[in-house]
Amino acid sequence: MLNICILVKPIMDPASIKWDYQSQEFSYISNTFNSADTQALQWACDYKEKNGAKITIITAHDSEFTIEEKRLLKYNIDQWIVLKQPELKNNPGETAQIIAKELSGHSFDVILTGSVSEDKNSGMTPAMVAELLFIPALTNIHHIDVKEEGLWEVKRSEDRGTVQTYEVKLPILIGVTNTLGRKRYIPRYRRPPKIKKEIRILEKANEQLNVQVMKMTEPRPNIRYFDIPKDSLSAEERLLAIMGLSQDKKEQSGKKVASEVNDKTIHFISQKLQKWLQEG
Amino acid sequence: METNIICYLPLKNGVMFTEEAWGLVEQAKTIYPNTSKMTAIVVHSGIPVIELEQLPFDEVYHVHVPIEQWKVSDYHFQAFRRICAIIQHQKEIFLFSSHPLYHDVAVRASTRLGMPMITNALKVIEMENQPSSLLVKREIYQGKANEFVSFAPTKQQYLTFERSILYGRPQYGTPSIVQEIDIEKYEPSPIQFISESEIDWKELKLTEAKVVIGIGRGVQDKNEFDSIVKLAEIVNAPIGGSKVADELGLIPREKRIGASGTSIEADIYIAIGISGSSQHLEGIKAVKHVIAINNDPSAAIFQRCDIGIVGNYQQVVPRLVDALQAERQSETYVEHLHIG
Ligand SMILES: Cc1cc2nc3c(=O)[nH]c(=O)nc-3n(C[C@H](O)[C@H](O)[C@H](O)COP(=O)(O)OP(=O)(O)OC[C@H]3O[C@@H](n4cnc5c(N)ncnc54)[C@H](O)[C@@H]3O)c2cc1C
């Protein structure tokens, strides 16, 4: 029976976050768990339903951060290890360190987690944990086939549209993408009779930070530009032009929207399309 | 103090420099432009030496690995470590693409040596008042904010760049050293590359595709639907659509794009007969380029598009298909000429 470990990161829900222009910082409404991590968890629970497995979750978060435990307890897990450390979020790399330290005391067949977290977008934790444990890692996996317990076939789509298939021997750390499976909002798993929960309160790391956040800013605003209407237009025409409703052919020419279907416009679109296709 | 800027050049299939590699070169040249030495690391599976001798670097170190191994970052990491043992300097900054193959190498190397790393950089500038320190801009919270981070002064630093900004033109130079490093034996990896395949547009998920076609109420009559399918085939794009398209049965439920459907991150979105409701636009927020075809010039989709065409899709799409097909044919013709 496989002994699976899932690393689940509690985060501020990016969907609920707003930039507060006055205080120049985030205001946010709710916490959640990194969605690729919960995809990995869902995959493991599905696997457990069919084949049996032992599932342990490890979450690591700032001591002050409150998490919605219920959301994770809906899954059919056996054990939950919570690592809490003051000011963890300000210290990139520390999360991987404390997780690896915890993991070195266990022997899991496979460690599953999301390849990247939606909050910090760094993608470092998975490969870092693996390196600290001296086990191999493969990230950006969107499909897993268990051929034998110790031999898996996984797929990675690294450039969009092409898929690479790898065969991996366990133990390994696998980073998955959001597209590993279809997300179910109400997991329909049998609840295990008892989940063993362990909480470890860790001391603040006293190492000096080697990467420091200097500032945070709002995203660049999306500026859409329109042609400035010519003076010769009447007030009504100008208003229509500003609203993007101008039907005037001369006004339209050179704009991003062509009002006539002719060879020239078709050629332009097909050329642009080809250029953009080659860009990626 | 001289900084050695070391670029781990990304390649296509181990044998070709692409815009991504040249983009990395361009980025490298903007970092400490006056006080640095430029070194290239090329782990490849068959690039002719003559190409390596023309790279715009002071020094080039390369390792040849068979293609099956080239696809596995474990072997890159081993090659990287061997090369690094040769090129130790006072101060070094290693630059990588954030492609998963190289990202994993960068993370492992920085972890093994306990050196700082910043990933997915969008922009790198020298800090005001501290010209020897870099300020790196990166996106966080799915683009809801940016953060600016900097390295503490350490001997080595690791930086990966977001792939979307790595785009450049070929550059040439005359390196003073071009050295091949021969690695006799690799530690075998428990990860084995099996195969690579192109996904057919019919199987491609909306979230994975580079190009997505969206259809709306405007195509409900289904005349000329074939040409939309042909367009999908040419640009290898799955077909999704609006809520209305889903309700009309033009597309399956899981192909709905928008607030109550899927959010896509394609490079190109071609919206056909879609008005561009706010709920629909919600789902294409992350798309880089939008092409809109709609017969109503006041349709909201035109406010979001990069190129739009006001016209009946039944006329526009077949002509676009013809134009693209003609282009493709001439491309293959040229290729044949070269071969012949
Ligand atoms: C709670 C809620 C959630 C919703 N979620 C979503 C969602 O996730 N995704 C979504 O898409 N919608 C969603 N909607 C619906 C949304 O409000 C719009 O009704 C819908 O997007 C409109 O779809 P459409 O653009 O296909 O149709 P329409 O708005 O009817 O537009 C059709 C367009 O086709 C053009 N057209 C007609 N004939 C032609 C032709 N021959 N050639 C070219 N163009 C032509 C017309 O000019 C028109 O602009 C939601 C609505 C609600 C209330």
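Convention: sequence-line order gives letters A, B, ...; per-chain numbering from 1.
For residues 109-157 of chain A, the ring-ring contact (aromatic ring centres under 6.0 Å, His included) pairs, not counting sequence neighbours, are A:Trp43-A:Trp152.
Residues B:Thr207 and A:Asn178 fail the side-chain proximity criterion, which asks for heavy atoms closer than 4.5 Å. B:Arg319 places a side-chain heavy atom less than 4.5 Å from the side chain of A:Val261. Between A:Gln164 and B:Phe193, the closest side-chain pair of non-hydrogen atoms falls below 4.5 Å.
In terms of non-hydrogen atom pairs under 4.5 Å with chain B, the most contact-rich of A:Pro92, A:Ser122, A:Ala96, A:Ser115 is A:Ser122. Here A:Ala127 is the residue among A:Pro126, A:Gly175, A:Ser117, A:Ala127 with the most heavy-atom pairs under 4.5 Å with chain B. Heavy-atom pairs under 4.5 Å with chain B were tallied for A:Val154, A:Ile269, A:Thr265; the largest tally goes to A:Ile269. No other option in B:Ala292, B:Ala152, B:Cys305, B:Ala106 has as many heavy-atom pairs under 4.5 Å with chain A as B:Ala152. Interface summary for chain A: among B:Ser150, B:Gly311, B:Pro153, the most heavy-atom pairs under 4.5 angstrom belong to B:Ser150. Taking A:Asp119, A:Ile11, A:Asp13, A:Ile17 one by one and counting their heavy-atom pairs under 4.5 Å with chain B, the maximum is reached by A:Asp119. When A:Val211, A:Val116, A:Thr139 are compared by the number of non-hydrogen pairs under 4.5 Å with chain B, A:Val211 comes out ahead. Ranked by heavy-atom pairs shorter than 4.5 Å toward chain A, the options B:Met115, B:Glu139, B:Gln315 are led by B:Glu139. For chain A, the option among B:Val316, B:Thr18, B:Val107, B:Thr160 with the highest count of heavy-atom pairs below 4.5 Å is B:Val107. Contact count against chain B (heavy-atom pairs under 4.5 Å) is highest for A:Met214 among A:Met214, A:Lys169, A:Met216.
Atom CD of residue B:Glu162 and atom CG of residue A:Asn121 lie 6.5 Å apart, to the nearest 0.5 angstrom. Distance check, rounded to the nearest 0.5 Å: CZ of B:Phe148 to OG1 of A:Thr217 gives 4.5 Å. Atoms CD and CD, from A:Glu167 and B:Gln192 in turn, are 5.5 Å apart once rounded to the nearest 0.5 Å. Of the inter-residue distances, the one linking A:Leu138 atom CG with B:Leu101 atom CG reads 9.5 Å to the nearest 0.5 angstrom. Between the OG atom of B:Ser110 and the CE atom of A:Met128 there is a distance of 6.5 Å, given to the nearest 0.5 Å.
Nearest approach of A:Tyr166 to B:Ile191, heavy atoms of both residues: CD2-CG2, 3.8 Å.
For chain A, the nearby part of B:Asn120 is the side chain; its heavy atoms alone come within less than 4.5 Å. If you measure heavy-atom distances from A:Ile172 to chain B, the contacts under 4.5 Å come from the side chain alone. Both the backbone and the side chain of B:Met117 come within less than 4.5 Å of a heavy atom in chain A. Within the 4.5 angstrom heavy-atom criterion, only side-chain atoms of B:Val211, from C-beta onward, approach chain A. B:Ile268 touches chain A through its side chain: at least one heavy atom from C-beta onward sits under 4.5 Å away, while N, CA, C and O do not. Proximity to chain A is limited to the side chain of B:Ile291, based on heavy atoms less than 4.5 angstrom apart.
The number of heavy atoms from other shown groups lying within 6.0 Å of CZ (B:Arg169) does not exceed 12. Surrounding NZ of B:Lys123 are at most 12 heavy atoms belonging to other residues, nucleotides or ligands under 6.0 Å away.
Electrostatic pairing of B:Asp104 and A:Arg156 counts as a salt bridge here, judged by a charged N lying under 4.0 Å from a carboxylate O. Salt-bridge check for B:Glu147 with A:Lys215: failed, with every basic side-chain N at 4.0 Å or more from each acidic carboxylate O.
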Stepwise side chain to side chain contact (heavy atoms under 4.5 Å, CB included) check, A:Asn210 with B:Phe151: CA-CA 6 Å; A:Asn210 55 22; B:Phe151 291 111; over 6 Å; no

Audit row: A:Met124, B:Thr119, side chain to side chain contact (heavy atoms under 4.5 Å, CB included) steps and yes/no: CA-CA 8 Å; A:Met124 278 165 63; B:Thr119 57; 3.6 Å; yes

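Judged purely by atom type and a 3.5 angstrom limit, B:Arg138 uses its side chain to pair as donor or acceptor with the backbone of A:Lys120.
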